[in-house]
Amino acid sequence: MKKIWIVGSLGHMGQALIRLLDMMEYELYETDKDELDITDEHAVSLFMHRNRPDVVINCAGNLAQSAESIQAKLIQISTDDVFSSASDTPYNEFDDVNPVGLFAKSKYAGEKFVIQLMTRYVIIRSSWIYGIGKDFLNEVLEAAADPKVSTMELWNNDRAVPTSAAELARVVKFFIDNDHYGIYHAVCSGGSCTRLEFAKEILRLAGKEDRLTVKVKDGTPEKYSVLDNMMLRLTGIEEPSGWRETLAS
């Protein structure tokens with residue numbers, strides 16, 4: 001039975017993975033910031049060596065050095081935000097990154113640490129993850145349910161691919177069970193959209209189009225971070241299903 005340590009277990013991906021992974025097939029260790037401070041190197045090292053997981057799924061911070069010390073496989077969840085250059089072509093895994101802002105730079109720094117320190121790693125970049133916990137989907141539906149809210153203003157020139165947490169968890173499970181390594185993009189199929197278009201589709205499927213008006217937000221900064229799952233296709237790994245279909249399910 002493989003030992004799987006899910007770091008950041010209360011987040012979108014942590015919860016999706018816990019729902020997906022069969023407790024009869026895997027021994028799960030679930031920690032979040034209240035159980036283990038991942039900035040405490042001694043505590044991380046102690047937990048790692050005491051429990052000796054086979055696979056560490058990092059939904060929170062950088063654990064590369066500690067995972068490498070016991071030769072664990074590390075699956076690092078990263079983001080489309082490492083790309084920020086103006087483009088109209090989806091980014092594949094070989095395109096140059098250009099992180100802008102503290103969050104994007106910190107996620108890219110995490111990727112570099114993993115690459116430099118690990119021998120067995122998978123970096124999975126995804127975007128606009130929805131479906132479990134507090135997220136954009138939840139935000140739109142809460143606004144539609146609030147009688148005090150009649151309109152929502154959203155950017156209409158930021159473009160990416162909404163991705164189901166459950167579908168992304170299925171991709172992560174593949175890498176738990178198989179010896180493939182490197183950087184992979186994993187987003188739902190079905191094309192990209194803007195935040196405004198995403199919100200309109202959420203409202204349409206919920207039958208709440210008449211309840212909430214979605215308007216274009218003024219002064220919108222352009223952002224294009226559409227990911228291409230090129231390495232999944234080249235490796236023969238099944239891509240996540242369409243985001244509209246999973247959103248409707």
Inset, instruction - Check whether the side chains of D158 and T194 place a donor and an acceptor atom closer than 3.5 Å, and report yes or no. - result: no
Inset, instruction - Decide whether a cation-pi geometry holds between R52 and W5; the criteria are a distance under 6.0 Å from NZ or CZ to the six-membered ring centre and an angle within 45° of the ring axis. - result: no
Inset, instruction - Would you check if there is a donor-acceptor pair between the side chains of T246 and E167 at a distance under 3.5 Å? - result: no
Legend entry - Under-4.0 Å salt bridge between K134 and E139: no
Inset, instruction - Output yes when a side-chain donor or acceptor of E93 lies under 3.5 Å from a complementary backbone atom of M231, and no otherwise. - result: yes
Inset, instruction - Flag the pair E238 / L232 as yes when at least one side-chain heavy-atom distance between them is below 4.5 Å, and no otherwise. - result: no
Inset, instruction - Kindly indicate whether the side chain of T235, heavy atoms from C-beta on, has any atom under 4.5 Å from the side chain of R233. - result: no
Inset, instruction - May I ask you to establish whether R195 and F136 are in a cation-pi arrangement, using a distance under 6.0 Å from NZ or CZ to the six-membered ring centre and at most 45° from the ring axis? - result: yes
Inset, instruction - Give a yes or no on whether the ring-centroid distance for Y224 and F83 is below 6.0 angstrom. - result: no
Inset, instruction - Before accepting this row, confirm whether a basic side-chain N of the pair K173/D177 lies closer than 4.0 Å to the acidic partner's carboxylate O. - result: yes
Legend entry - Side-chain H-bond candidate by donor/acceptor type, D80 with S225, under 3.5 Å: yes
Inset, instruction - Run the ring-centre check on Y130 versus H12 and record whether the distance is less than 6.0 Å. - result: no
Inset, instruction - For this output row, return yes or no: ring centroids of Y121 and Y181 closer than 6.0 angstrom. - result: no
Inset, instruction - With sequence neighbours left out, write down each residue that passes salt bridge (charged side-chain N to carboxylate O under 4.0 Å, His left out) with K200, or none if nothing qualifies. - result: none
Inset, instruction - Report yes if some heavy atom in the side chain of I124 is under 4.5 Å from a heavy atom in the side chain of F175; otherwise report no. - result: yes
Inset, instruction - Could you tell me whether E41 atom CD has more than 12 heavy atoms of other residues or ligands within 6.0 Å of it? - result: no
